[in-house]
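Residue numbering restarts at 1 for every chain, and letters A, B, ... go by the order of the sequence lines.
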Protein chains: 2
Amino acid sequence: MDTGLTIGEFSRITHLSIKTLRRYHEAGLLQPARVDRQTGYRYYILDQVPTAQVIHRFRELDMPLREVGELLAVTDPDARAAVIAQHLQRLENQLDQTKAAVVALRRLLDPQPAALRVQRWRTEATTVAAVRGVVDRTHILRWYAEAMQELDSVLAVAGEAPTGPPGGLYDNELFSDERGTMVVYIPVARPPRSGEVEPFVIPAAELTTTTHAGPHDDIDVTYGALGTYVKQQALEVAGPVREIYRLGPRDTTDSSRWRTEIGWPTFQTVADPVVNAGQAPS
Amino acid sequence: MDTGLTIGEFSRITHLSIKTLRRYHEAGLLQPARVDRQTGYRYYILDQVPTAQVIHRFRELDMPLREVGELLAVTDPDARAAVIAQHLQRLENQLDQTKAAVVALRRLLDPQPAALRVQRWRTEATTVAAVRGVVDRTHILRWYAEAMQELDSVLAVAGEAPTGPPGGLYDNELFSDERGTMVVYIPVARPPRSGEVEPFVIPAAELTTTTHAGPHDDIDVTYGALGTYVKQQALEVAGPVREIYRLGPRDTTDSSRWRTEIGWPTFQTVADPVVNAGQAPS
DNA sequence: CTGGACTCTCCCCTTCGGGGAGGGTCCAGA
DNA sequence: TCTGGACCCTCCCCGAAGGGGAGAGTCCAG
């Protein structure tokens, strides 16, 4: 029997379907011990059973095939453990997101407290230390965390103390397309330039603002309320949306206390507001 | 502004990408309030913002579009809550599976205790009450649970006491293909016939068996070990694999105490065993 | 030698969008 | 009234991880 196991036998032993085994072969994850040149038949050997089982386990954890392949290619146990730990970390993050979504869902389906407080004002230009970049929407959170961290360390080195709360500018394309320009900043007196950090001036603007309370899991609801208001007032959006983190993770770990100010640069158009239709412009 | 919001404006407000909004339209999830017959332009209204947000939330929970659509079509709050609860249940099951996979992975990567005890024996034909069905591999667990439950209740009604531990027969195609015949049974003296439950005779067989200890998350490892043995002994597999639940969830909730006997019907071929190559058949 | 079981490759399908081409539409400013 | 740029349309392809199935070749025991 030194011809090895046929794919069917191997499938029975490992509980991986034939289709799956072929795909793993094709992906280079699990090369059959021998492939008949003439017939293309795959022949496995018993020593491959443990490998198949390891692959099976990682797939159960939704590790992408590419990554499983890299993992198997690495022989150093430490490096291996690192890759595994990293994946488990990802799973955990995913779980956190799911939990947050459940909470946000509950809040969304419950009767709304509403009470949206919208204000319009004119802001002055502000000098800040900023990190700018064109970011994929799926990477927004990661990019934000890294940028903030770099800002913090650069400012610490430069000995610059913040002169106000941190904030960000977010291109509308970030939401309507898949990619857009992001700016995160911290106001300081003399912005340094180092690495990704550079001086920047937040331009003056006419802002329509509101404040989102709590964690950001359902910040889109507040965006929706603000957008509704803007539209009702027949305001036109001009430029990237702004967020100012009046109270954030750097101030308190109690996320229910967070306060995020959202401001949309807007200008009045000639059209009538929907709600105050009587007050047509003269 | 009673033309409504363009898809771009709606996208900014809801944080759903334009592509995604078009897809939700196509899927019937979020019909624009108006679609221009001439140009195909989609126009939304502000009242649709909350709906978009609800969809967003459910998608964050990986609810399939189809299901979200059904959910939105249902107006009865109770029915709605039921669908949601069901989905959350699914998420929880998924989480349990992930946890189990992590544990199983750890065990697999740790040094193996091994110590596989394999025995061969001949079993007698056994009279049982059984539930049979052709099952998709992805539904094995669910089907098993339902079948066992039905067996239990039918036997309770018939007043038949088990004369041995429950078990099952599993077609090899269940693993190599995507679907196969499953039989789960409980031995009784006078098997009743009711609903899916019917009398059945487990045929006599020459079995090569081993016992898997603990929960079934890594039962494939034991299958692998048994399969390796079978192959090394140059045994040929004949017929569906059998499992007998000597100790299972119905006996104890401590899953580490579970004992599952796995038996493969086998017969000796003429080829030499690999390990005992000296004992060639005469 | 033959029939049935097994295996091969190849192509299409699934979900939920993203990328991009090619072309039409809207609207504000000139 | 024209025009340019922003916006929108449809259509097609792609990815991940396989499943379904067709059509054809292979293996092996009787």
Side-chain angles (χ1 to χ4, degrees), chain A residues 1 3-12 16-27 29-30 32 35-44 55-56 58-69 136-139 172-180 236-238 267 269-271, chain B residues 1 3-12 16-27 29-30 32 34-44 55-56 58-69 136-139 172-173 175-180 236-238 267 269-271:
Chain A
M1 276 315 209
T3 53
L5 301 99
T6 65
I7 197 168
E9 291 173 313
F10 197 68
S11 162
R12 274 203 290 280
L16 292 166
S17 81
I18 291 178
K19 283 277 190 185
T20 300
L21 287 173
R22 286 203 269 250
R23 160 154 279 266
Y24 290 174
H25 176 196
E26 177 182 276
L29 278 196
L30 190 58
V35 178
D36 190 306
R37 285 243 158 240
Q38 303 300 317
T39 67
Y41 274 35
R42 295 168 178 83
Y43 294 99
Y44 297 83
I55 296 174
H56 198 168
F58 283 115
R59 286 297 305 134
E60 278 177 349
L61 293 173
D62 285 324
M63 184 180 283
L65 288 189
R66 218 164 298 270
E67 225 163 299
V68 177
D136 261 29
R137 99 183 300 193
T138 47
H139 300 145
N172 288 309
E173 288 91 62
L174 265 170
F175 308 114
S176 57
D177 291 352
E178 292 315 303
R179 174 176 307 114
E236 208 65 26
V237 172
F267 60 91
T269 62
V270 289
Chain B
M1 275 315 208
T3 53
L5 300 99
T6 64
I7 197 169
E9 291 173 314
F10 197 68
S11 161
R12 276 203 289 281
L16 291 166
S17 81
I18 291 179
K19 284 276 189 185
T20 300
L21 286 173
R22 286 204 270 251
R23 160 154 277 266
Y24 290 174
H25 176 195
E26 176 182 277
L29 278 196
L30 189 58
R34 188 170 68 81
V35 177
D36 190 306
R37 283 245 160 241
Q38 303 300 317
T39 68
Y41 274 35
R42 295 167 178 84
Y43 294 99
Y44 297 83
I55 296 174
H56 198 168
F58 284 115
R59 286 296 305 134
E60 279 177 351
L61 293 173
D62 285 324
M63 184 181 284
L65 288 190
R66 217 162 299 269
E67 223 162 301
V68 178
D136 261 30
R137 98 184 298 193
T138 46
H139 301 145
N172 289 309
E173 287 91 63
F175 308 114
S176 58
D177 292 351
E178 292 314 306
R179 174 176 309 114
E236 209 67 24
V237 172
F267 60 92
T269 63
V270 289

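With contacts defined as side-chain heavy-atom distances shorter than 4.5 Å, the pair A:T6/A:Y43 qualifies. Two residues are said to be in side-chain contact when any heavy atoms from C-beta on lie closer than 4.5 Å; B:L21 and B:Y44 meet this criterion. Between A:H25 and A:V35 the shortest side-chain heavy-atom distance falls below 4.5 Å. By the 4.5 Å heavy-atom criterion applied to side chains, B:F58 and B:L29 are not counted as neighbours. The shortest side-chain heavy-atom distance between B:R59 and B:L16 does not fall under the 4.5 Å cut-off.
Put simply, CZ on A:R23 is 16 Å from P on C:dC12, counting in whole angstrom units. Note: CG (B:L61) to P (C:dC16) measures 14 Å, nearest angstrom. If you take CD of A:E9 and P of D:dC27, they are 14 Å apart, rounded to a whole angstrom. With rounding to whole Å, A:E236 atom CD is found 13 Å from D:dC7 atom C1'. Rounded to an integer number of Å, the gap from CZ of A:R37 to C1' of C:dT7 is 18 Å. Rounded to whole Å, atom C1' of D:dA17 lies 13 Å from atom NE2 of A:H56. If you take CG of A:D177 and P of D:dC9, they are 13 Å apart, rounded to a whole angstrom. Atom C1' of nucleotide C:dC8 and atom OH of A:Y44 are separated by 12 Å, given to the nearest angstrom.
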Notebook entry, point to check: How does each nucleotide of nucleotides 18-23 of chain C score, in 5' to 3' order, for protein heavy atoms under 4.0 Å: base (B), sugar-phosphate only (S), or none (-)?
Noted result: SBB---

Notebook entry, point to check: Which parts of nucleotides 25-30 of chain C does protein reach within less than 4.0 Å, heavy atoms only, written one letter per nucleotide 5' to 3' as B for base, S for sugar-phosphate only and - for none?
Noted result: BS----

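Close to D:dG18, at under 4.0 Å from its OP1 or OP2, lies a side-chain N or O of A:Y24. Between B:R12 and D:dC7, a side-chain N or O to OP1/OP2 separation shorter than 4.0 Å is absent. The phosphate of D:dC7 (OP1 or OP2) has no side-chain N or O of B:T6 nearer than 4.0 angstrom. The shortest distance between the side-chain N/O atoms of B:R66 and the OP1/OP2 oxygens of C:dC16 is not below 4.0 Å.
Remark: side-chain polar atoms of B:R179 are not paired, donor with acceptor, to backbone N or O of B:E173 under 3.5 angstrom.
Expressed to the nearest 0.5 Å, how far OH of B:Y24 lies from OG of B:S17 amounts to 8.0 Å. Atom CD of B:E9 is separated from atom CD1 of B:I18 by 10.5 Å, given to the nearest 0.5 angstrom.
Of the candidate nucleotides D:dC9, D:dG18, C:dG17, D:dC9 has the atom lying nearest to any side-chain atom of B:R42.
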Next item on the list: Show your working on side-chain contact (heavy atoms from CB on, under 4.5 Å) between A:Y41 and A:I7 and close with a plain yes or no.
Entry: CA-CA 8 Å; A:Y41 274 35; A:I7 197 168; over 6 Å; no

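If you find the closest nucleotide of DNA chain C to B:P64 and to A:G40, the one lying nearer the 5' end belongs to A:G40.
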